[in-house]
Amino acid sequence: MFEVEQNVSFPALEREHLAFWKEERIFERSLEQNRAGKPFIFYEGPPTANGQPHWGSVFTRVSKDVFLRYQTMRGRFVPRREGWDTHGLPVEVEVEKELGVKGKAGIEAYGIEAFSRKCVQSVWRYIDAWHDMSQRIGFWLDTDGYATYHTYYVESVWWALKTLFDKNLLYQDYKSIWWWPQGNTGLSAGEVGEGYRAVDDPSVVVRFRTGDGRSLLAWTTTPWTLPSNVALAVAAKENYAEVKQTDGDVLIMARALVEKHLPEDSYEIVREFVGKDLEGLEYEPLYNWGDPGGKAHVVGCGDFVTLDSGTGIVHIAPAFGEDDNRYGKEQGLGFLQLVEPDGTFNADSEFVAGMNFKAADKPIMRDLKERGLLFSQATYRHDYPFCPRAPLDPLIQYARKSWFIRTSTEKDRVVKNNAAVRWQPEHIRDGRMGDFLRNNVDWALSRERWWGTPLPIWINDETGTMEAVSSTAEILVRNPDAFAAFDRAKAADPDLPDDLRVHKPWIDEVTWTRDGEPGTYRRVPEVIDCWFDAGSMPFAQWGYPHQNRDKFEAAFPADFITEAIDQTRGWWNAMLQISTLLFPDRAVPHPFRSCVVLGFITDAEGKKQSKRLRNYEPPMEALEKYSADAVRWALLSNTAPGLGAKFDGPIATEAVRDLLLKVWNVYSFLATYARIDGWEPQPPPPPVATRPTLDRWILAELDATVRDVHAAFERLESNVAARRLQALVDGLSNWYVRRSRDRFWTEGDSADKHAAFSTLHEVLCDVATLLAPFTPFLAETLFQRLGRGVDSDGVSSVHLLHLPDARDELADDDLRAAMAAVRDLVALGLQVRNVNRLKVRQPLAEAILVLGDPSRVEGYTDMFADELNVKRVTLSDEPAKYVEYEVVPNFRALGPKLGKRMPLCKKALAAADGSKLHAQLESTGTIRMRLTDGDAFELTRAEVEIRLRAKEGYAAASHGDRVVVLDTRVTDELKREGAAREVIHHIQAARKKLDLKYEARIQVTWHTDDDDLAQAVTEHESHIRRETLATTTQRGAPNADNKHEASIDDATLSFSIATV
RNA sequence: GCGCGCGUAGCUCAGCUGGUUAGAGCGUUCGCCUGAUAAGCGAGAGGUCGGUGGUUCGAGUCCACCCGUGCGCACCA
């Protein structure tokens, strides 16, 4: 107990605690002891484990930890399982890089089974790094978690998909989706959103000749889609014009856009008409590389055509753009797709055959130019999506048969569900999240890839009948030998992971037939968007509903989650969509009730941290350098929900100084004197009511803090709680300990000393407990050394404690207010000394207080006198001598009463003599006055505010209704006393320099040539001895070996110290 | 382009339902204190509360528009 090391190293202490927690299973115990408590359900958003954890991961995990620890210490049972997102593009892309293979052909050549096995391995590669980081920051998490590729998880996801399929919410359609040609797959809106970037694209206006000397002008930024054009669309009700150019050409375009495309005076308008009139007009295709096989090369009307840009005539290629595709279906147009899924032009495409779509822009433009079909060309800068996993690959809109979830028709219910969630900050609910959900389009679910949850739909290859399955068991019912191929492979190679049974390529071997039905059921080739995996986590982590139904029910919905705001379109969206669709009958909100939204961590300049720029310190290094608690405190106390945080070294250093060292110093003070005194806590502590004011004050502050901390957590504002604790620690260190110092070093036993020790001990114990969710390591250090509470197994950890509750017997708001007033007066007094160059060591005869409300500081004048080093404190009985009064309206009280006449009142009060008004108020209790508009007024005490200001000529300072006046006359007697204090100060400094023990006795030999100083020392000899623990003070020649010199005022004192 | 957030001291941020002298920490200058102190304390300097207009007796706070910044959305063919 009460160990104090000379140079405390927080990182070193932290490592000790990590070992202790592990050894004694403190995390597990903290769970076990609350097993009967009310559960607090938390979902861990599964991170993708295929990269090193970064500062964002640290921030998220710390934020989770503080809430979970808090709830645990409130007695809630808070299980927290980790989980890993293991499927999908991120993993595949990583493996592709590793293997050096690219594209569909590359992966197929490498072998799907081998590829899948690589993916499994890759997923676990960084897990150690994540565990190390989590452990080092003190994030407690049950590592016996889930991974999305495990069979039970996949089967759970299958169940979800089958449920949607059976509800007709999962469908296949030929639609335009965002397609990644190099990756051979489509992407969901969420993924696409990640990859937008500003790029320069060609912007061309092309002539479509009608064969009668006229040309329709159409604009596009994707020239490579022009060969696949099958129609042009116009706005039915807008005006169009035929324009004859001076060179004889006749062009058709929207009337309103003519000026934009043609120079003034270079044309004349021949004819005007509405778009509808163009309907049915046929034109010559630019190329004849394929047969659209249907209605084609004709003008139609489309309601999506606007005159915001281009020419008012829109080029339609149903094989690509989403509008184009829908329009093609509506109009019964033909279809021409000259670009293959891999992004290259097909063999029929003459001079661009085999060329990548993007590379074909230029040759096509050149060709059109040569043939006189290129009306104009420019560069167009706009945002365009690229593959988020391969930033050089532009995506294209590409018509493809894909699987969708019908989320758009269920939009209202999802929005309603979301509206019931408690978001912190609140604006996310109707802002970011709400907007995202309201703009929701059907979820493009399928991926034509390999490593993902296989879409569990089998189609009869003759009849086309579809069946969805929800488990391998269901498959085995249909065909007991369904997995024969896998089983043989497993027998041949026992290392084959069992989970590959439900993955490609093995799942594709699964087929069945049905009696009396021709054909074989074969699985569709697609896997699904891995966000669906993540969003299924609330039930799939348990393998629900195939197993663990009870566990699922017990842990649904979550009480609390927290992630960074980028999860709006990611995890939060997926969870809300899936849960709403799957569990329509459950009470909203689900699957989570509250969510704390985090911002991003930036560097010191506020720039986004990026691996490439290396503009941040690696987290693990920072944790070792500053300590995990410092990093945690810096992150937790500086960030409001929803906002980002800047993080750099100095901020962590500040946290060490502001909190860790401050708390540590208080502890070290207590420990030092407890050891000297042999004091030990003896429960129960003395009754609060019997303790001195200062003790009751800090206990009242403690209690107020407890209340505020709980209230802040109630509002999900951990940062507010952190700041409140900071304030308590300040008060403890800068006022309580400072003011109590001598109580700890008086000799012998006294009730006061015992109260001081008990109180400081008690407060530190509670501070340690309250800090435990924020700085678990420091809290543990304090707790252990303060020697409190040992559980039945002899294990003692702050993390097994309950947080203190508010205690009415401690609360004392009057005392808190009084002490605040005293501290304010002290600050004023110090200000007076400061301005008048009177250092605090110099005693002064008197301080005179003039107070608007003297009752408040009654009984505290001794404290004030001591702190200010004055002999006497007087409450002035003739304030008029020292101060002038100013009476100003209390706007809050008078505003509603006076309304428009408020300024008149203000003016009248300012014009009147404040001292007279004050006198009137004192004698009659009201102020009567006349406003400039002639109305008489009566103001009560509560309706005005009285301010005091010291008159000229006094050493005084004022604030509000308080004035402190100091008697600045330093008599010879006072001066000698001050000198004696100087002497004490210098002897103490020497003691410290000599590194003497606090309780060591000394003998002092001193000398000075100055008579006044000598008199001062002699006069105050006994005081000097007492303060410096000197047994003797002797005038004489100081020992030359250990001679100290001090200049006091204009004199010099030399002295030597000998230990006894 | 549309939407959301943010914009308060050199830096990082507080400022509740509008109430009149706008706060804290860091930094800086001066001073002080030290028997917990490689610490701490006080004071000074430093602010058109992004801008303009409006509502109101009163606006950092409410409204409108604008500017800057971050993010989100996305068929700009």
Side-chain angles (χ1 to χ4, degrees), chain A residues 4 7 176 189 192-193 196 218-222 225 233 302 304-306 308-311 313-317 320-324 326 380 382-383 385 397 425 427-428 430-432 434-436 439 565-566 568-569 599-600 602 604 606 608 638-640 642-646 650-651 654 657-658 661-662 664-673 720 723 726-727 733-734 737-738 741-742 744-745 826-827 829-831 833-835 837 839-841 888-896 898-906 947 957 960 984-985 988-989 991-992 996 998-999 1027-1029:
Chain A
V4 191
N7 291 304
S176 276
V192 175
Y196 273 89
W219 177 59
T220 184
T221 54
T222 51
T225 61
F304 54 90
V305 180
T306 66
D308 296 343
S309 56
T311 61
I313 300 176
V314 174
H315 143 64
I316 301 290
F320 303 106
E322 189 184 333
D323 269 340
D324 308 43
R326 193 176 47 242
Y380 187 74
H382 62 157
D383 287 340
Q397 295 220 315
H427 63 75
I428 300 290
D430 299 318
R432 275 304 156 81
D435 278 345
F436 189 88
N439 294 331
I565 192 162
D566 55 343
T568 305
R569 62 164 160 235
F600 297 120
T602 60
K608 224 172 167 168
N638 282 330
T639 42
L643 299 180
K646 294 188 183 175
I651 288 172
E654 209 177 302
R657 259 209 321 257
D658 278 356
L661 270 178
K662 221 172 236 186
W664 180 257
N665 282 335
V666 172
Y667 161 74
S668 133
F669 174 85
L670 172 68
T672 302
Y673 288 100
V720 173
R723 286 175 192 207
Q726 176 92 59
S733 169
N734 294 337
V737 172
R738 222 155 74 89
R741 246 178 293 188
D742 53 2
F744 288 88
W745 68 65
V826 168
L830 289 171
Q831 193 181 332
R833 276 185 170 274
N834 217 340
V835 169
R837 307 261 155 185
K839 47 187 169 183
V840 179
R841 269 201 295 269
V888 294
N890 178 344
F891 288 91
R892 197 188 278 272
L894 276 175
L898 292 183
K900 276 191 203 296
R901 287 186 301 172
M902 198 73 226
L904 295 176
C905 172
K906 183 183 177 181
R947 293 184 188 149
I984 293 170
H985 163 65
Q988 301 290 32
R991 283 185 64 116
K992 189 173 164 72
L996 299 186
Y998 288 133
E999 62 271 37
E1027 288 295 315
T1028 61
L1029 294 185

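Residue numbering restarts at 1 for every chain, and letters A, B, ... go by the order of the sequence lines. As the structure is a prediction and not an experimental result, all values here were calculated from the model.
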Integer angstrom distance from the C1' of B:G60 to that of B:G7: 12 Å
Stems involving RNA chain B, each a run of at least 3 consecutive Watson-Crick or G-U pairs under 3.5 Å: B:1-7 with B:67-73, B:10-13 with B:23-26, B:28-32 with B:40-44, B:50-54 with B:62-66
Sugar-phosphate, base or nothing in reach of A:Ser733, heavy atoms under 4.0 Å: base
Interatomic distance at P, B:G19 relative to B:C13, whole Å: 24 Å
C1' atoms of B:C67 and B:C76, separation to the nearest Å: 25 Å
Test log, rule side-chain contact (heavy atoms from CB on, under 4.5 Å), inputs A:Asn665 and A:Ser733: CA-CA 8 Å; A:Asn665 282 335; A:Ser733 169; 5.8 Å; no
Touch class at under 4.0 angstrom, heavy-atom based, for A:Asn439 against every strand present: sugar-phosphate
A:His985 side chain near B:C33 phosphate (N/O to OP1/OP2, under 4.0 Å): no
Atom-pair distance (CG on A:Leu894; P on B:G58), nearest Å: 15 Å
Touch class at under 4.0 angstrom, heavy-atom based, for A:Thr672 against every strand present: nothing
Touch class at under 4.0 angstrom, heavy-atom based, for A:Val840 against every strand present: sugar-phosphate
Same-atom distance (C1') from B:U61 to B:C6, integer angstrom: 16 Å
Stepwise side-chain contact (heavy atoms from CB on, under 4.5 Å) check, A:Trp219 with A:His315: CA-CA 7 Å; A:Trp219 177 59; A:His315 143 64; over 6 Å; no
First of A:Glu654 and A:Gly895 reached from the 5' end of RNA chain B, by closest nucleotide: A:Gly895
Heavy-atom closest pair, residues A:Thr311 and A:Ala218: OG1-CA, 3.5 Å
Under-4.0 Å side-chain N/O to phosphate OP1/OP2 contact, A:Thr568 with B:G72: no
Touch class at under 4.0 angstrom, heavy-atom based, for A:Glu1027 against every strand present: base
Mutual orientation of the aromatic rings belonging to A:Tyr673 and A:Phe744 [parallel < 30°, tilted 30-60°, perpendicular > 60°]: tilted
Inter-nucleotide C1' distance (B:G1, B:U8), Å rounded: 31 Å
Under 3.5 Å donor-acceptor pair, A:Arg901 side-chain atoms to B:C57 base atoms: no
Side-chain N or O of A:Asn734 closer than 4.0 Å to phosphate OP1/OP2 of B:C41: yes
Residue of the set A:Asp323, A:Val314, A:Ile313, A:Ile316 for which side-chain contact (heavy atoms from CB on, under 4.5 Å) holds with A:Val305: A:Val314
Contact under 4.0 Å: A:Arg833 side-chain N or O vs B:G42 OP1/OP2: no
Sugar-phosphate, base or nothing in reach of A:Arg657, heavy atoms under 4.0 Å: sugar-phosphate
OP1 or OP2 of B:G35 under 4.0 Å from side-chain N/O of A:Tyr673: no
Sequence-distant partners of A:Arg432, salt bridge (Lys or Arg N to Asp or Glu O under 4.0 Å), two or more places apart: none
Touch class at under 4.0 angstrom, heavy-atom based, for A:Asp658 against every strand present: sugar-phosphate
CZ on A:Phe436 to CZ on A:Arg569, rounded to 0.5 Å: 7.0 Å
Whole-angstrom distance between B:C49 and B:G23, as gauged at atom P: 14 Å
P gap between B:C63 and B:G3, integer Å: 15 Å
Donor-acceptor pair, side chain of A:Asp324 and main chain of A:Phe320, under 3.5 angstrom: no
Base of B:C71 paired with side chain of A:Arg432 (donor-acceptor, under 3.5 Å): yes
Span that lies between the P atom of B:U48 and that of B:A64, in whole angstrom: 26 Å
Phosphate OP1/OP2 of B:U21: any A:Arg947 side-chain N/O under 4.0 Å: yes
5′-ward residue of the pair A:Lys900/A:Val737 relative to RNA chain B: A:Val737
A:Arg841 vs B:C33: side-chain N/O to OP1/OP2 distance below 4.0 Å: yes
Full working for side-chain contact (heavy atoms from CB on, under 4.5 Å) between A:Gln397 and A:Thr225: CA-CA 10 Å; A:Gln397 295 220 315; A:Thr225 61; over 6 Å; no
